[in-house]
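Below you'll find the structure, written out as structure tokens, and then a few comments.
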Amino acid sequence: MTAITLRIPDAMDKPLRDAAADAPSLNDYILKAVRRQMTLDAGRKLAMIQPLDLEGEGDVL
């Protein structure tokens, strides 16, 4: 595991906290968002290497 420090600009603090209101914690919300983005990025890179026929799979990248 790698630890990171995230600095949130003051202008983003309230909107981010509002978006994370239903999450167990702000850290949990941010971690899920980062994981989701990493998964999407990896999927896009994979699709560029070997196009896959995903019709009917239900997921969109």
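We number each residue from 1, following the sequence as shown.
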| So do the side chains of Tyr29 and Asp22 get within less than 4.5 Å of each other, counting heavy atoms only? | no
Please report, to 0.1 Å, the donor-acceptor pairs under 3.5 Å made by any side chain of residues 31-38, with sequence neighbours excluded.
residue : atom : partner : partner atom : Å
Gln37   : NE2  : Asp41   : OD1          : 2.9

Contacts table for residues 1-15: side-chain donor-acceptor under 3.5 angstrom, sequence neighbours left out:
residue : atom : partner : partner atom : Å
Asp13   : OD1  : Arg17   : NE           : 3.0
Asp13   : OD2  : Arg17   : NE           : 3.3
Lys14   : NZ   : Asp18   : OD1          : 3.3
Lys14   : NZ   : Asp18   : OD2          : 2.9

